[in-house]
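Right, one structure below, let's go through it.
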Amino acid sequence: MPTFEHTVEIAAPIDHVFEFGTDPENWRRTMPALTDIEIVEETDDGLRMEATYKLLGKSMDGEMEMTIVEPNEHVTTTFESPGMTGEVHYHHSSTDDGTMVVQRVDYEFGDSLLERVIEPVAKRFNKRQFENSLKTSKELVEAETTIAA
């Protein structure tokens with residue numbers, strides 16, 4: 001099961017960073033492989049969504065569920081598709097200069113021959129997608145914070 005973790009410090013207040021990260025419209029802005037996302041249901045502590053993720057030229061439709069575990073501190077997103085399942089945890093904490101975000105991703109691929117063959121390349125692709133998503137979030141939040149100031 002591929003697992004990886006990325007950390008970034010964002011020069012913005014924790015409530016702004018958390019709000020940005022829990023808005024699915026921003027996920028499309030920060031992760032090009034997420035080609036479509038539709039909110040199916042709003043729950044007391046999050047959202048259920050249908051999404052399309054493009055991995056190595058192959059589109060995968062799946063379900064996602066975002067749960068706010070602790071406001072301004074911890075949010076999880078689970079995803080299930082025929083070819084890949086897993087979850088992403090985002091932990092937020094205040095720093096002297098803004099907000100520290102730690103992203104931990106755990107997922108696994110399906111059992112088909114094709115999925116097993118592409119797993120090593122897909123693992124590197126996903127790691128890069130999630131890392132770049134966090135970096136892009138930092139750039140966008142900091143730009144928006146500067147504009148608002």
What's the shortest heavy-atom distance between Ala12 and His16, and which atoms? CB-CD2, 4.4 Å

Is there a path of hydrophobic side-chain contacts, each under 4.5 Å between heavy atoms, that joins Val105 and Val102? no

Is there a side-chain contact between Val101 and His91 in this structure, where contact means two heavy atoms from C-beta onward sitting under 4.5 Å apart? no

Distance from Ser93 atom OG to Glu9 atom CD, nearest 0.5 Å? 8.5 Å

Does Met100 share a hydrophobic cluster with Tyr90, counting links as ILVMFWY side-chain heavy atoms below 4.5 Å and allowing steps through other members? no

On a heavy-atom basis, which atom in Lys123 and which in Tyr107 lie closest, and how many Å separate them? CA-OH, 3.3 Å

Keeping Trp27 on the side-chain end and Ile37 on the backbone end, is there a donor-acceptor pair under 3.5 Å? no

Is there a side-chain contact between Asp36 and Arg28, using heavy atoms and a 4.5 Å cut-off? yes

Using ring centroids (six-membered ring only for Trp), state whether Phe4 and His6 fall under 6.0 Å. yes

Side-chain heavy atoms nearer than 4.5 Å, only ILVMFWY residues, links allowed to pass through others: does that put Met31 and Val121 together? yes

Apply side-chain contact (heavy atoms from CB on, under 4.5 Å) to residues Val75 and Val69 and explain how you reach the verdict. CA-CA 5 Å; Val75 64; Val69 179; over 6 Å; no

Once rounded to the nearest 0.5 Å, what's the spacing between atom CD of Glu63 and atom OG of Ser81? 10.0 Å

At their closest point, which heavy atom of Leu140 faces which heavy atom of Arg29, and how far apart are they? CD2-NH2, 3.5 Å

Measuring only between side-chain heavy atoms, which start at C-beta, is Pro32 closer than 4.5 Å to Gln129? yes

Please tabulate, for the side chains in residues 46-55, all donor-acceptor contacts under 3.5 angstrom to protein atoms that are two or more places apart in sequence or on a different chain.
{"unit_1": "Arg48", "atom_1": "NE", "unit_2": "Glu41", "atom_2": "OE1", "d": "2.8"}
{"unit_1": "Thr52", "atom_1": "OG1", "unit_2": "Asp61", "atom_2": "OD1", "d": "2.6"}
{"unit_1": "Tyr53", "atom_1": "OH", "unit_2": "Asn126", "atom_2": "OD1", "d": "2.7"}

Hey, are Ser133 and Thr30 close enough side-chain-wise for a donor-acceptor pair under 3.5 Å? yes

Would Lys138 and Glu142 pass as an ion pair if we require N to O under 4.0 Å? yes

In Å and rounded to the nearest 0.5 Å, what is the CD1 to CD distance from Ile39 to Glu25? 7.0 Å

Between atom CD of Gln103 and atom OG1 of Thr7, what is the distance when rounded to the nearest 0.5 Å? 8.5 Å

Between His92 and His74, do the side chains contain a donor N or O and an acceptor N or O under 3.5 Å apart? no

Holding to side-chain contact (heavy atoms from CB on, under 4.5 Å), I want the full list of residues that pass it with Glu19, two or more places apart in sequence or in another chain. none

If you round to the nearest 0.5 Å, how far is NZ of Lys127 from CD of Glu5? 11.0 Å

Using side-chain contact (heavy atoms from CB on, under 4.5 Å) as the criterion, list what pairs up with Thr78, not counting sequence neighbours. Glu65, Glu87

If you compare all heavy atoms of Ser137 against all heavy atoms of Phe20, which two are closest, and at what distance to 0.1 Å? OG-CE2, 3.7 Å

Between atom CG of Asp45 and atom CD1 of Ile68, what is the distance when rounded to the nearest 0.5 Å? 7.5 Å

On a heavy-atom basis, the closest approach of Asn72 and Ile14 is O-CD1, 3.0 Å

